[in-house]
Protein chains: 4
Amino acid sequence: MVPKKTFFNLEEKKQDKIIRSAISEFTKYGFERAKMDTIAKNANVSKGSMYQYFDNKEELFLFSVKWSIDLFYKRYGRYLNLKKDMNIFDLFYKDAKIIWSQMMEERDMVIFIQDVLLGKYKNLTDKSMSYIMDMVNKNTLNMIQNGKRNGSIRKDIDDNLLLIFITGVSLKFKEHMMNSARTQGKDIVDEGFEENEREIKSMIELLKNGMGENRCLFR
Amino acid sequence: MVPKKTFFNLEEKKQDKIIRSAISEFTKYGFERAKMDTIAKNANVSKGSMYQYFDNKEELFLFSVKWSIDLFYKRYGRYLNLKKDMNIFDLFYKDAKIIWSQMMEERDMVIFIQDVLLGKYKNLTDKSMSYIMDMVNKNTLNMIQNGKRNGSIRKDIDDNLLLIFITGVSLKFKEHMMNSARTQGKDIVDEGFEENEREIKSMIELLKNGMGENRCLFR
Amino acid sequence: MVPKKTFFNLEEKKQDKIIRSAISEFTKYGFERAKMDTIAKNANVSKGSMYQYFDNKEELFLFSVKWSIDLFYKRYGRYLNLKKDMNIFDLFYKDAKIIWSQMMEERDMVIFIQDVLLGKYKNLTDKSMSYIMDMVNKNTLNMIQNGKRNGSIRKDIDDNLLLIFITGVSLKFKEHMMNSARTQGKDIVDEGFEENEREIKSMIELLKNGMGENRCLFR
Amino acid sequence: MVPKKTFFNLEEKKQDKIIRSAISEFTKYGFERAKMDTIAKNANVSKGSMYQYFDNKEELFLFSVKWSIDLFYKRYGRYLNLKKDMNIFDLFYKDAKIIWSQMMEERDMVIFIQDVLLGKYKNLTDKSMSYIMDMVNKNTLNMIQNGKRNGSIRKDIDDNLLLIFITGVSLKFKEHMMNSARTQGKDIVDEGFEENEREIKSMIELLKNGMGENRCLFR
DNA sequence: GATGAATGAGAATTCATTCAT
DNA sequence: TATGAATGAATTCTCATTCAT
């Protein structure tokens, strides 16, 4: 998962270009059909150079995953963070909004991460996948525990089941949003978001109060 | 997606063996790395024959998907069916139980279907994937509409969002169960199920009433 | 060192052609520079087929070695054999004669074996080289022990040193003969052999009685 | 075979280091698999610099050969030299002893030279190999002629055959010693030599008097 | 002179698919 | 129909050599 140092000697801009080229190719074609040659060319780099940076295609892939997650958190982590009084439902809201806005400028990366999380590359990532899952889950688990403490989350259900519950909804919902974004193209941006916002809120409502009918009306 | 008639001329047992061999290979290695040769050998069939039954690897894959779904419904469909008064939560319960018991004898197929549903083969299945998704979603959507009608599901939220909601939880939860089954090995069967049953019920509770704290106690 | 069974399914003629092509290529260019493609083409076989017969270039090489030795012994072994009363000097004589005549029809193979014995492929063969060395040395060692017993070889010197002594001379002398054969082309055959015979006899004289001056004249 | 003058501008120490690094690499991996990069790194020199010193890998190799021989003769030549009354058997003795002691401190170089002499690099060296062979053979041939003149070597056998005879034994025997040295590690030094000395003397005995039984006892 | 990043020609190897028997 | 040998396009990966700094 670690590129050779030669990679880190490159200008950051170039590093960027290479990884983005890789991400784009992997997302488009999957791991096997992705060609090193194409990745190289799209990054304006020679095939040979790629092998000075990475031992092989798998290294490149694994590092692309790490890079994506890291970048995502570096960029958007602060939005997600984690004020004492923030609860998991706000997090879901913010998270969804971020994903949505991200889809506008970083669609490749977002889709790539989504694919990874959905297990599209299971065979490859099982090894080092823990890295991402840990990162993602730790945060959520934290929120859940906070929520239990401050009374916004019910205490009678195991943390891990709650994690599965929210993660499941979250993944599928992100996928749904991404499909919308994909379909709508890059132009929608704001108008698109209104409709979207309504959906996000509905989802949060479901997370909070479930889909059963006779829920408390006064809430 | 349609094998040649030669395939259907085979004894059913042989058809079975071939598809199961394919499923196992695809699950283990993904589409690209799956080898026709290995699939053939594991089915005690010659490589050449495979091409008398299927035009190419993709056909084989696509048919394997169809076959899996069909078999699944043939076998377990009656359990899922669809009495007028059954609600989606009962469905979830049954579904989960089935998956669990299925993992014992048909783990390859179950995992394969799960992978397909999670989008691992998106690139391939986009074309004809609709087939399954339709089948699965139509059912669920039906239930949702039923539920709304008979008062077990809230009416203020869009059908499709409810679909996403329940599907998301369902997928992730199945994955969780499958991992448990995998870890525990084939021997657990019954003991394993007690713990499992508790989890299923917790999940249904969450689906129904959400994870928020101040839910109505009188329910 | 073992080809896949597919190789042995081939007509013996074809097997022959393939290995001879390999031997010729290895001898001409050494292991690294030898191209699978060329070997395949010269054997009227496709590159892909080569990999149905052998796992990789190294397997092919290793098997070529084994094949050469085996063939050599199958063909000429009987000449070398090993009558009770044959002594090592006769063996040397026969051996040299065989090499010489072999150079006429099997020059590639002979040169190849010679190269292997001389250690040209040391890096590759160290692993399984034992096979040949054993074969060659066991025979010679036998002769030496026989010789000691029947009084044609001095007993005051360690078997292994005698082995080194005779092997050293033998290798270098074969090389010398091969160079002659190479230089003279294929036409010499018989005339060439007269001169050759004189040399062989000189060598045996040296092996027997050494190069010191005051050797016993009555011998 | 001639490095660029830039090479000779280097401190002698550095020249040394570079060539030794090359020798070590060539010996370990053979010419093709030897990497310029590794050679450079082990000599604490940049890959680019290597190409300021040598036109290409082959030049480097060829010069390494020359350098080895020259060094060998510079260091040990005086021991070998060539007093009027020295005979070839003394030479063999000295030679062997030197090799043995050399194996202790210059094992890389010794092995390298041995490989060259055995023809491991035949394809490469054929061109300029004459340089070494000439050097080595001229000496030996001289000795032989001396020996014939002063009565220590029989006159009835052709010089070149005698050359082959002694060279063959010599090469194989050196190889044998080198293997011993390799096996025993660097610590043996003196104890190892006793056993060794016996072997050397046996070899000379064989060279002088041959391996035949009924040699003259009065000698 | 020194450096090490960049290059790309070249080779090994893989495997879906074809096809003669 | 069944077989499995044959094929070659396609791809990964290597490394000597060049060249800008």
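Every chain is numbered from 1, with letters handed out A, B, ... down the list of sequences. Fair warning: this is a prediction, and the values are worked out from it, not measured in the lab.
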- Less than 6.0 Å separating the ring centroids of D/F7 and D/F63?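 Yes, the ring of D/F7 comes within the 6.0 Å limit of the ring of D/F63, centre to centre.
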- Item | Interface with DNA chain E, restricted to residues 43-55 of chain A and to heavy atoms under 4.0 Å |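 Residues of residues 43-55 of chain A that come under 4.0 Å of DNA chain E are, in numerical order, A/V45, A/S46, A/K47, A/G48, A/S49, A/Q52, A/Y53.
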Rounding to an integer number of Å, can you tell me how far [X] [atom1] sits from [N] [atom2]?
{"X": "D/E59", "N": "F/dA16", "atom1": "CD", "atom2": "P", "value": "15 Å"}
{"X": "B/Y29", "N": "E/dT14", "atom1": "OH", "atom2": "P", "value": "15 Å"}
{"X": "C/M36", "N": "F/dA6", "atom1": "CE", "atom2": "C1'", "value": "15 Å"}
{"X": "A/E58", "N": "F/dT11", "atom1": "CD", "atom2": "C1'", "value": "16 Å"}
{"X": "C/L10", "N": "F/dT7", "atom1": "CG", "atom2": "P", "value": "11 Å"}
{"X": "C/K14", "N": "F/dA5", "atom1": "NZ", "atom2": "P", "value": "12 Å"}
{"X": "A/K41", "N": "F/dT11", "atom1": "NZ", "atom2": "P", "value": "11 Å"}
{"X": "C/F26", "N": "E/dA12", "atom1": "CZ", "atom2": "C1'", "value": "12 Å"}

- Query: Salt-bridged, A/K122 to B/D115, with N to O below 4.0 Å?
  - Reply: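 Answer for the salt bridge query: yes.
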- Query: Any side-chain donor paired with an acceptor under 3.5 Å for B/S46 and B/S49?
  - Reply: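 Distance-only check passes for B/S46 and B/S49.
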- Message: Between D/K57 and A/R33, which residue's closest nucleotide on DNA chain F lies nearer the 5′ terminus?
- Response: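 That would be A/R33.
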- Message: A side-chain contact here means heavy atoms from C-beta on lying under 4.5 Å apart; do C/F112 and C/Y121 qualify?
- Response: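 The answer is yes, as the side chains (C-beta and beyond) meet within the 4.5 Å cut-off.
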- Message: Measuring only between side-chain heavy atoms, which start at C-beta, is D/S68 closer than 4.5 Å to D/I23?
- Response: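 Touching, per the 4.5 Å side-chain cut-off.
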- Task: Could you pick out which residue, D/T6 or C/E32, lies toward the 5' side of DNA chain E when each is mapped onto its nearest nucleotide?
- Result: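 First, find each residue's nearest nucleotide; the 5'-ward one identifies D/T6.
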- Identify, between C/D37 and B/K35, the residue whose nearest nucleotide on DNA chain E lies closer to the 5' end.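 Its nearest nucleotide lies further toward 5', so the answer is C/D37.
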- Task: Identify the nucleotide, in any strand shown, that forms a Watson-Crick or G-U wobble pair with F/dA16, with both distances under 3.5 Å; if there is none, say none.
- Result: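 Paired with F/dA16, as far as the under-3.5 Å criterion goes, is E/dT7.
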- Query: In the strands shown, is E/dT21 matched to any nucleotide by a Watson-Crick or G-U wobble pair with both distances under 3.5 Å, and which?
  - Reply: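 Per the H-bond distance test, F/dA2.
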- Query: Using a cut-off of 4.0 Å on non-hydrogen atoms, how would the nucleic acid contact of B/A34 be classed: base, sugar-phosphate, or nothing?
  - Reply: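 B/A34: backbone/sugar contact only, no base atoms under 4.0 Å.
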- Query: So which heavy atom on D/S21 is nearest to which on D/T38, and how close?
  - Reply: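 Residues D/S21 and D/T38, closest heavy atoms: OG-O, 4.3 Å.
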- Has A/N9 got a side-chain N or O lying under 4.0 Å from the OP1 or OP2 atom of E/dA5?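 Yes, within the criterion.
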- Donor-acceptor under 3.5 Å (A/S64 side chain, A/L60 main chain):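 Checked: pair present.
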